[in-house]
Amino acid sequence: MLCAAAGFLWTSVARVTYAVRVETDTGRVKLTDLASCGGCAAKYSAARLEELLAGFVPVEAENLLVGLAPADDAAVYRLDDERALIFTLDFFPPVVDDPGDYGAIAATNALNDVFAMGGVPLLALSIAAFPEELPMEMLGEVFAAADAQVRAAGGLLAGGHTIRDAEPKYGLAVVGTVRPDGIWPKNGAQPGDALFLTKPLGTGLIMTGYKKRLAGDMQLTRAIRWMRTLNKDAAEVLRGVEPHAVTDVTGFGLFGHAHEVADRSRVRIRLESERFPAIDGALDLARKGVRTSGDPRNRDFASSHVSVDGLPSTLEALGYDPQTAGGLLVSLPAERGPALEAEFGARKLFIRRIGRVEEGSGVVVE
């Protein structure tokens, strides 16, 4: 049975039994208490995912411009010479307790995949799973914040699918558009390129540190602000400089995503650790031994391809830290770098050059 409710499709499912605590001393539900891990730290192991997908035969379709061979931030299907559709989906358990922040961050993380491919969002559908015991007003806040973020990105939230689950989960399936000749792949980096990052690192460290009461409210506020920031404005600037390769830095961390770009582009990426940008407080938490549950999975995935000889453990932790709704990792001809930095500065947008592309293979951190 389907019924329309506030613009969303709610689907009845078979009854299941829950044992969920949804009350606190203040009467306000703490969403993160209902999740085993939150945000992009909940991603399935990249190493195991590679093994799983290795058995899939790539789809042979002339108009499938981006699929699993190789996989990228989203799939792309050509409609004609002028238009292609981008399709992606992303969802995860709560990374914060405030339902509005949760909805906005989850929406941002999904929408940013479209921007990472060079496109613009068109339409989104909610993917939601919540305990029935959660107050309806909390769910309304999640949906409303996601709706506002989709609109800010230039798209429309047109419906969705919601089931009951003991662990909350929320995200979006997003359709966007791009010119077939304007796609930004992961596999286009070239020797001589400069590498840039459009957000500082450390959201995983700060969220984990806050939950362990090692990070304060100010650090939490900064991390949430970055996680709520769409990559829309950064992508608009990049369209004017025609980057060779782009990806968003999310659950696999800077080192994991740099490895993907290096491997698929058949180049070596050399990162300059002294230029790594960090959200205030993230490195202090790394020095205290704070790590997310995604840290060991990211090391398992990328460490054999990443040389970190002599790198301080704090910067190594920052490089493997899973990011939620992170910035764009951009590879473009070095001579275009000054113009890019100037335009970002004029628009008061964050950007940092963090390395370069060379002939060879793997990732070298110096």
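All residue numbers in this chain count up from 1 along the given sequence.
Heavy atoms from other residues, nucleotides or ligands lying under 6.0 Å from CD of Glu274 number more than 12. Counting non-hydrogen atoms of other residues, nucleotides and ligands closer than 6.0 Å to CZ of Arg239 gives a total above 12. Within 6.0 Å of the CZ atom in Arg225, the count of heavy atoms belonging to other residues, nucleotides or ligands exceeds 12. More than 12 heavy atoms of other residues, nucleotides or ligands sit less than 6.0 Å from atom CG of Asp181.
For the residue pair Asp321 and Thr203, the shortest heavy atom distance occurs at OD2-N, 3.6 Å. Listed here is the closest heavy atom pair of Ala74 and Ile86: CB-CG2, 3.5 Å. In this structure, Arg275 and Ile354 approach most closely via the heavy-atom pair O-CG2, 3.8 Å. A pairwise comparison of heavy atoms in Ala106 and Gly171 identifies CB-CA, 4.3 Å as the closest pair. Heavy-atom minimum distance, Leu285 versus Gly209: CD2-CA, 4.2 Å. Of all heavy-atom pairs spanning Met227 and Thr324, the tightest one is CG-O, 3.3 Å.
At least one donor-acceptor pair closer than 3.5 Å links the side chain of Lys199 to the backbone N or O of Ala325. Judged by distance alone, with hydrogens and angles left aside, the side-chain atoms of Arg179 form no donor-acceptor pair with the main-chain N or O of Ala84 at under 3.5 Å. Looking only at distances, no side-chain donor or acceptor of Arg356 sits under 3.5 Å from a matching main-chain atom of Ala334. With hydrogens and angles ignored, the 3.5 Å screen pairs a side-chain donor or acceptor of Asn231 with a backbone N or O of Gly326. With Arg264 contributing its side chain and Gly188 its backbone, the two residues share no donor-acceptor pair below 3.5 Å. Checking side-chain atoms of Ser265 against main-chain N and O of Ala189 turns up a donor-acceptor pair under 3.5 Å. With Glu358 contributing its side chain and Val267 its backbone, the two residues share no donor-acceptor pair below 3.5 Å. A donor-acceptor contact shorter than 3.5 Å links the side chain of His257 to the backbone of Thr250. Side-chain N or O atoms of Asn298 include one that pairs as donor or acceptor with a backbone N or O of Gly251 at under 3.5 Å.
Atoms CG and CD, on Leu214 and Gln219 in that order, are 9.5 Å from each other to the nearest 0.5 Å. Put simply, CZ on Arg299 and OG on Ser304 are 13.0 Å apart, with the number rounded to the nearest 0.5 Å. Between the NZ atom in Lys288 and the NZ atom in Lys212 there is a gap of 12.0 Å [rounded to 0.5 Å]. Rounding to the nearest 0.5 Å places OG1 of Thr108 at 12.0 Å from NZ of Lys232. Going from atom OH of Tyr77 over to atom CD of Glu62 covers 9.0 Å, rounded to the nearest 0.5 Å. Atom OG of Ser313 and atom CG of Leu318 lie 11.5 Å apart (nearest 0.5 Å).
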Decide salt bridge (charged side-chain N to carboxylate O under 4.0 Å, His left out) for Glu366 and Arg268; before the verdict, give the C-alpha distance in whole Å, the side-chain angles of both, and the deciding distance to 0.1 Å.
-> CA-CA 13 Å; Glu366 57 183 30; Arg268 174 183 296 126; over 6 Å; no

Does the pair Val96 and Met207 meet the rule for a side chain to side chain contact (heavy atoms under 4.5 Å, CB included), with working shown?
-> CA-CA 8 Å; Val96 290; Met207 303 313 297; 3.3 Å; yes

Start with the C-alpha distance between Asp284 and Arg287, add both sets of side-chain angles, then the distance that settles salt bridge (charged side-chain N to carboxylate O under 4.0 Å, His left out), and finish with yes or no.
-> CA-CA 5 Å; Asp284 289 338; Arg287 292 187 189 98; 2.7 Å; yes

Under the side chain to side chain contact (heavy atoms under 4.5 Å, CB included) rule, what do Val76 and Arg78 come out as? Steps first, then yes or no, please.
-> CA-CA 7 Å; Val76 183; Arg78 179 171 52 202; over 6 Å; no

Does the side chain to side chain contact (heavy atoms under 4.5 Å, CB included) test come out yes or no for Asp113 and Val174, once each step is laid out?
-> CA-CA 9 Å; Asp113 281 343; Val174 186; over 6 Å; no

Run the side chain to side chain contact (heavy atoms under 4.5 Å, CB included) check on Val237 and Arg347 step by step: do they pass?
-> CA-CA 9 Å; Val237 177; Arg347 299 195 188 198; 3.7 Å; yes

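Among residue pairs with one or both ends in residues 183-192, those qualifying as side chain to side chain donor-acceptor pair (under 3.5 Å) are Lys186-Glu260; sequence neighbours excluded. Residue pairs meeting the ring pair (Phe, Tyr, Trp, His ring centres under 6.0 Å) criterion with at least one member in residues 345-366, sequence neighbours excluded, are Trp226-Phe350.
Linking ILVMFWY side-chain heavy atoms closer than 4.5 Å, directly or via other members, places Ile351 and Ile279 in two distinct hydrophobic clusters. No continuous path of ILVMFWY side-chain contacts below 4.5 Å connects Val249 to Leu340, so the two sit in separate hydrophobic clusters. Note on Ile183 and Val114: same hydrophobic cluster, where clusters join Ile, Leu, Val, Met, Phe, Trp and Tyr whose side-chain heavy atoms are under 4.5 Å apart, directly or indirectly. Under the 4.5 Å side-chain heavy-atom criterion for grouping Ile, Leu, Val, Met, Phe, Trp and Tyr, Leu328 is not connected to Leu254 through any hydrophobic cluster. Under the 4.5 Å side-chain heavy-atom criterion for ILVMFWY residues, a single connected hydrophobic cluster contains both Leu197 and Ile206.
Taking the side chain as every heavy atom from C-beta outward, Glu272 and Val365 never approach each other to under 4.5 Å. Phe196 has its side chain within reach of Glu341: a pair of non-hydrogen atoms, C-beta onward, lies under 4.5 Å apart. Taking the side chain as every heavy atom from C-beta outward, Leu315 and Leu283 approach each other to under 4.5 Å. Here the side chains of Arg83 and Thr177 are not in contact, with every heavy-atom distance at 4.5 Å or above. Side-chain atoms of Pro131 and Pro168, non-hydrogen and from C-beta on, do get closer than 4.5 Å to each other. When side chains are defined from C-beta on, Leu172 counts as touching Ser126, because their heavy atoms get closer than 4.5 Å. Side-chain contact between Arg297 and Asp300 is absent, with no heavy-atom pair separated by less than 4.5 Å. The side-chain heavy atoms of Leu65 and Met117, taken from C-beta on, include no pair separated by under 4.5 Å.
In this structure, Phe301 has its ring center at least 6.0 angstrom away from the ring center of Phe255.
Side-chain contact check for Asn112 and Asp248: no donor-acceptor pair (N or O, by modelled atom type) lies under 3.5 Å. Side-chain atoms of Tyr102 and Asp97 include no donor-acceptor pair closer than 3.5 Å.
Scored by the salt bridge (charged side-chain N to carboxylate O under 4.0 Å, His left out) test, Arg228 finds Asp101 as partners (sequence neighbours excluded).
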